[in-house]
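Just so it is clear: chains get the letters A, B, ... in the order the sequence lines come, proteins before strands, and each one is counted from 1.
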Number of protein chains: 4
Amino acid sequence: MLFELDFQSPVPIYKQIRDQVVLAVAEGRLLPGERLPAIRTLAEDAGVNNMTVSKAYQLLKSEGYLVTDRRSGAVVCRPSAPAGLDEDQMVRLRMLAGEAKLAGLSRAEFEALCGSLYHETEG
Amino acid sequence: MLFELDFQSPVPIYKQIRDQVVLAVAEGRLLPGERLPAIRTLAEDAGVNNMTVSKAYQLLKSEGYLVTDRRSGAVVCRPSAPAGLDEDQMVRLRMLAGEAKLAGLSRAEFEALCGSLYHETEG
Amino acid sequence: MLFELDFQSPVPIYKQIRDQVVLAVAEGRLLPGERLPAIRTLAEDAGVNNMTVSKAYQLLKSEGYLVTDRRSGAVVCRPSAPAGLDEDQMVRLRMLAGEAKLAGLSRAEFEALCGSLYHETEG
Amino acid sequence: MLFELDFQSPVPIYKQIRDQVVLAVAEGRLLPGERLPAIRTLAEDAGVNNMTVSKAYQLLKSEGYLVTDRRSGAVVCRPSAPAGLDEDQMVRLRMLAGEAKLAGLSRAEFEALCGSLYHETEG
DNA sequence: GTGGTCTAGACCACA
DNA sequence: GTGGTCTAGACCACG
């Protein structure tokens, strides 16, 4: 099963789905060209509303991680024009850098940690 | 002025305040022991409600970035026992590592970026 | 009716709500997995503001007595990893032990009293 | 030094002073007939406002733990007519019994804990 | 429907 | 002066 949803999390469910798809792609568990389950299927499996899954898929589409083909449904794809992190992502990363510093990590430790997390995603 | 709030942002205002305080501490613009503005003062300056600021301060307190002295109000402090990133922070960082990868950054580039953001906070 | 609030009490209303929920759980009047009334419902029934109830619920959540399921609202739960009394609770108990002694109770009487109060909560 | 005040505690300072006097009496560190420091002295030593100490002393007086003699100042005394715990104390103890139960303590464990805390105060 | 957030006031306890 | 609490509304995100 691809998804582990936490209904008690403050993170919206559609966001959790989106996040887990992105991670799966980054880690190579989901390959470009591969099909995602149909909305109804996934919704039933995960015990959530169709609308919730639909929202997640639309978000993924708008971010370029997904294309919907009329015949084959939702298909994974890596962003066509990778252009570095966008502003929102930079803000989040900067925030984490600050928190890491206050949490006692040195710059080297923080870099190493980031690298190892990137590596993990090598799958 | 310490705070720049974006009232259009989906990020709650109390969270924006919290974030900016944390960043300010990390960047050395706010020193441990320094006093934060009184709730009412900040609320008026920023044009938001007292309770919004109050909520931000309580969040900061619960995270250990702030203590409220019964005599002198809100005082900045670095977490007494820095213990690395917590689980939530790790999840956020891991997510960013994945997104960075899909955005076309190499591991080295990502590490360098993280390092530079950490460095920025050296203030 | 689950709640009896005393608006004259110096104890904040949100704290009273929190206390009564905890007691109800301890006494078995509220079972793990059971739903608590919706914030608005409870607020209206009790004649208090939504935010007051909301604050009580958030406090209960932070203490692990409550989880809010994104689909079905507030659900009671016993702390997953019961780990004895925390420091604050120990301080309060120690204070009471001292007061009991000064109130003329012998050690045996105090123990018996504590036991009987625990027993009451067997519900 | 008799007092250790925590200015960052949510417990009011006057209440902390009152609590520590009561504990000291219960533990025998303060004996009936003994004099407490003058308000001004204590206030200066502890770095708090005269009013704060005064409030604590008045509270202690109203509870019967203290009498003020025009010549000798504030004098410790055990309550003249020990009459068991009052209603407020019972409520607090009952609350703790419930919390102890939810924290995983058995009735026997709770009783033993209460007993040991009482014993500690034997000093 | 749910909880989360916010406003524009207010009162109180504390120091 | 400070923070803590509360009210009576409101809007939004989520499912």
Side-chain angles (χ1 to χ4, degrees), chain A residues 5 7-17 43 46-56, chain B residues 5 7 9-17 35-44 46-59 61 66-75, chain C residues 5 7 9-17 35-44 46-59 61 66-75, chain D residues 5 7-17 43 46-56:
Chain A
L5 302 179
F7 296 110
Q8 294 159 15
S9 162
V11 179
I13 295 175
Y14 81 90
K15 185 68 161 36
Q16 292 184 43
I17 296 176
V48 300
N49 198 302
N50 286 343
M51 262 183 49
T52 307
V53 180
S54 169
K55 199 165 182 175
Chain B
L5 302 179
F7 296 103
S9 165
V11 180
I13 294 176
Y14 80 90
K15 183 68 162 37
Q16 292 184 42
I17 295 176
R35 277 194 58 183
L36 242 47
I39 289 186
R40 282 167 184 71
T41 311
L42 176 50
E44 195 170 351
V48 299
N49 189 275
N50 287 342
M51 289 204 59
T52 305
V53 180
S54 174
K55 193 165 184 177
Y57 277 25
Q58 279 188 270
L59 180 55
K61 257 169 62 176
L66 201 65
V67 293
T68 55
D69 189 299
R70 292 193 84 82
R71 296 164 305 178
S72 46
V75 175
Chain C
L5 302 179
F7 296 104
S9 165
V11 179
I13 294 176
Y14 81 92
K15 185 66 163 36
Q16 293 184 42
I17 296 176
R35 278 193 57 183
L36 242 49
I39 290 185
R40 282 166 183 71
T41 311
L42 176 51
E44 195 171 351
V48 300
N49 189 274
N50 289 341
M51 289 204 59
T52 306
V53 180
S54 173
K55 192 164 182 176
Y57 277 24
Q58 278 187 271
L59 180 54
K61 259 169 59 176
L66 201 66
V67 293
T68 54
D69 188 300
R70 293 193 83 81
R71 296 165 305 178
S72 46
V75 175
Chain D
L5 302 179
F7 297 109
Q8 293 157 16
S9 163
V11 180
I13 294 175
Y14 81 92
K15 183 69 163 34
Q16 292 183 45
I17 295 176
V48 301
N49 198 303
N50 285 344
M51 263 183 49
T52 306
V53 179
S54 169
K55 198 164 182 175

**Report entry** Qualifying residues under side chain to side chain donor-acceptor pair (under 3.5 Å), relative to B/Thr68, sequence neighbours excluded
**Finding:**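 B/Thr68 satisfies side chain to side chain donor-acceptor pair (under 3.5 Å) with B/Lys61 once adjacent residues are dropped.
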
**Report entry** Pairing residues for B/Asp69 by the side chain to side chain donor-acceptor pair (under 3.5 Å) criterion, not counting sequence neighbours
**Finding:** B/Arg71

Starting at atom [atom1] of [X], determine the distance to atom [atom2] of [N], rounded to an integer number of angstrom.
{"X": "B/Gln16", "N": "E/dT5", "atom1": "CD", "atom2": "P", "result": "12 Å"}
{"X": "B/Leu66", "N": "F/dG3", "atom1": "CG", "atom2": "C1'", "result": "12 Å"}
{"X": "B/Asp69", "N": "E/dC14", "atom1": "CG", "atom2": "P", "result": "16 Å"}
{"X": "B/Glu44", "N": "F/dG1", "atom1": "CD", "atom2": "P", "result": "12 Å"}
{"X": "D/Ile17", "N": "E/dA15", "atom1": "CD1", "atom2": "C1'", "result": "11 Å"}
{"X": "C/Gln58", "N": "E/dC6", "atom1": "CD", "atom2": "C1'", "result": "13 Å"}
{"X": "B/Leu5", "N": "E/dT5", "atom1": "CG", "atom2": "C1'", "result": "14 Å"}
{"X": "C/Leu42", "N": "E/dG3", "atom1": "CG", "atom2": "C1'", "result": "13 Å"}

Throw together a table of side-chain donor-acceptor distances under 3.5 angstrom for residues 47-54 of chain D, partners on residues two or more places apart or in other chains.
residue: D/Asn49; atom: OD1; partner: D/Met51; partner atom: N; Å: 2.9

Query - Separation of C/Ile39 CD1 from C/Tyr57 OH (nearest 0.5 Å) - result: 7.0 Å

Query - Distance, nearest 0.5 Å, that separates OH of D/Tyr14 from NZ of D/Lys55 - result: 5.0 Å

Query - Dot-bracket encoding of pairs in DNA chain F, which uses [ ] for pseudoknotted crossings and | for another strand, Watson-Crick or G-U under 3.5 angstrom - result: ||||||||||||||.

Query - Per-nucleotide protein contact string for nucleotides 10-15 of chain F (B base, S sugar-phosphate only, - none; heavy atom under 4.0 Å) - result: -B--SB

Query raised in the report: Has the side chain of C/Arg70 got a donor or acceptor atom that lies under 3.5 Å from a matching backbone atom of A/Pro10?
Result: yes

Query - Toward the 5' end of DNA chain E, by each residue's nearest nucleotide, B/Gly47 or C/Thr41 - result: C/Thr41

Report task. Taking side-chain contact (heavy atoms from CB on, under 4.5 Å) as the test, write out the residues that go with C/Glu44, two or more places apart. Result ->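 side-chain contact (heavy atoms from CB on, under 4.5 Å) check on C/Glu44 returns nothing, list empty.
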
Query raised in the report: Where do B/Arg35 and B/Val75 come nearest, in terms of heavy atoms and distance?
Result: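 For B/Arg35 and B/Val75, the tightest heavy-atom pair comes out as CG-CG2, 4.1 Å.
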
